[in-house]
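Working notes, beginning with the structure itself.
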Amino acid sequence: QVQLVESGGGLVQPGGSLRLSCATSGLTLDLYTIGWFRQAPGKEREGVSCISASDGSTVYADSVKGRFTISRDMASNTVYLQMNKLKPEDTAVYFCAADIERRRCTNNYHSSLTYNYWGQGTQVTVSS
């Protein structure tokens, strides 16, 4: 049974940092590509980043490039999203998701339809 559990969200001031964790079970990160998404109130879910199962290569949305870093710990089956220089517009519920079909992030990494399993989300609020 595949499960993904996000943690690490919270309230942070603009310019601050947070590290989100996506603890996975029932899968291995060398077989499942993992994506991070976010959804702000009244907005569509947005793909933020992706890390490939095959080689750990990464992709980022333009809105977070240079500020966010996705990484993985194979031993603990955990994927991280390090978020630096946070802005109020980063406020959202953040989700991780697993793709069981593709070993690499594709051009559709930002589409919810690409992923098969989802976590419950963790709230990130950037405010002074």
Side-chain angles (χ1 to χ4, degrees):
Q1 180 181 0
V2 174
Q3 288 189 320
L4 299 94
V5 179
E6 302 94 337
S7 62
L11 173 64
V12 63
Q13 292 187 341
S17 298
L18 281 175
R19 188 178 79 158
L20 305 183
S21 298
C22 173
T24 72
S25 59
L27 60 83
T28 57
L29 296 179
D30 59 343
L31 295 178
Y32 287 69
T33 289
I34 304 296
W36 278 101
F37 285 74
R38 65 186 181 185
Q39 189 164 19
K43 294 190 176 181
E44 291 188 357
R45 192 165 294 191
E46 174 191 15
V48 172
S49 185
C50 176
I51 186 163
S52 297
S54 58
D55 61 0
S57 58
T58 59
V59 180
Y60 298 93
D62 287 344
S63 58
V64 306
K65 199 172 295 183
R67 300 188 298 123
F68 290 12
T69 303
I70 190 172
S71 63
R72 63 183 181 176
D73 181 341
M74 307 293 276
S76 64
N77 273 336
T78 302
V79 176
Y80 300 98
L81 187 68
Q82 177 68 42
M83 307 186 297
N84 298 328
K85 301 179 182 178
L86 283 162
K87 306 175 182 179
E89 51 263 44
D90 294 319
T91 296
V93 178
Y94 283 71
F95 302 87
C96 59
D99 176 2
I100 66 173
E101 298 179 24
R102 285 154 284 269
R103 301 291 179 261
R104 292 183 62 85
C105 302
T106 68
N107 290 336
N108 288 327
Y109 81 93
H110 54 83
S111 170
S112 298
L113 299 177
T114 298
Y115 300 86
N116 309 93
Y117 298 97
W118 292 82
Q120 83 292 345
T122 185
Q123 175 71 47
V124 171
T125 302
V126 185
S127 175
S128 54

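FYI, the numbering just counts along the sequence from 1.
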* In the single-linkage hydrophobic clustering (I, L, V, M, F, W, Y; side-chain heavy atoms under 4.5 Å), do Tyr115 and Ile34 co-cluster? -> no

* To do: List the steps, then state whether side-chain hydrogen bond (donor to acceptor under 3.5 Å, both in side chains) holds for Asn84 with Ser17.
  => CA-CA 4 Å; Asn84 298 328; Ser17 298; 2.9 Å; yes

* To do: Decide yes or no on side chain to side chain contact (heavy atoms under 4.5 Å, CB included) for Cys22 and Tyr80, but give the supporting numbers first.
  => CA-CA 6 Å; Cys22 173; Tyr80 300 98; over 6 Å; no

* State which residue, out of Phe95, Trp118, Tyr94, fulfils the ring pair (Phe, Tyr, Trp, His ring centres under 6.0 Å) condition with Phe37. => Trp118

* **Heavy-atom donor-acceptor pair, Thr114 side chain to Tyr109 backbone, under 3.5 Å** => no

* To do: Output yes when a side-chain donor or acceptor of Asn116 lies under 3.5 Å from a complementary backbone atom of Ile100, and no otherwise.
  => yes

* To do: Spell out, as yes or no, whether a donor-acceptor pair under 3.5 Å connects the side chain of Arg103 to the backbone of Leu31.
  => yes

* Check whether any side-chain N or O of Thr78 sits under 3.5 Å from a backbone N or O of Ala23 as a donor-acceptor pair, and report yes or no. => no

* **Closest non-hydrogen atom pair, Ala61 against Gly47** => CB-O, 3.5 Å

* Asked: Counting heavy atoms not belonging to Glu89, are there more than 12 under 6.0 Å from its CD?
  -> yes

* Could Lys87 and Asp90 be called an ion pair, given the rule that one side-chain N must be under 4.0 Å from one carboxylate O? -> no

* Asked: Should Asn108 and Thr106 be marked as a side-chain hydrogen bond (donor to acceptor under 3.5 Å, both in side chains) after you check the CA-CA gap, both sets of side-chain angles, and the distance that decides it?
  -> CA-CA 5 Å; Asn108 288 327; Thr106 68; 4.8 Å; no

* Asked: Counting only N and O atoms by type, is there a donor-acceptor contact under 3.5 Å from the side chain of Gln3 to the main-chain atoms of Thr24?
  -> no

* Over all atoms of both residues, closest heavy-atom pair of Arg72 and Gly56 -> NH2-N, 3.2 Å

* Asked: Considering all heavy atoms of both residues, which atom of Tyr60 and which atom of Ile70 are nearest to each other, and what is their separation?
  -> OH-N, 2.9 Å

* With no hydrogens and no angle check, do the side chains of Glu46 and Ser63 hold a donor and an acceptor under 3.5 Å apart? -> yes

* **Backbone N/O of Arg102 and side chain of Thr33: donor-acceptor pair under 3.5 Å** => yes

* To do: Apply side chain to side chain contact (heavy atoms under 4.5 Å, CB included) to Thr122 and Val93, showing your working.
  => CA-CA 5 Å; Thr122 185; Val93 178; 6.0 Å; no

* Asked: For the hydrophobic clusters of this structure (ILVMFWY residues joined by side-chain heavy atoms under 4.5 Å, transitively), does one cluster hold both Val5 and Ile51?
  -> no

* Short question: side chain of Ser111, backbone of Leu113 - any donor-acceptor pair under 3.5 Å? -> yes

* Can you find a heavy atom in the side chain of Val79 that is under 4.5 Å from one in the side chain of Cys96? -> no

* side chain to side chain contact (heavy atoms under 4.5 Å, CB included) between Met74 and Thr28, worked out -> CA-CA 8 Å; Met74 307 293 276; Thr28 57; over 6 Å; no

* Structure fact -> When every non-hydrogen atom of Tyr32 is compared with those of Ala98, the smallest separation belongs to CD2-CB, 4.0 Å

* Arg104/Asp55 ion pair, N-O < 4.0 Å -> yes

* Whether Gln120 side chain and Glu6 backbone form a donor-acceptor pair below 3.5 Å -> yes

* To do: Treating Ile, Leu, Val, Met, Phe, Trp and Tyr as nodes and any side-chain heavy-atom pair under 4.5 angstrom as an edge, say whether Val48 and Val59 lie in one connected cluster.
  => no

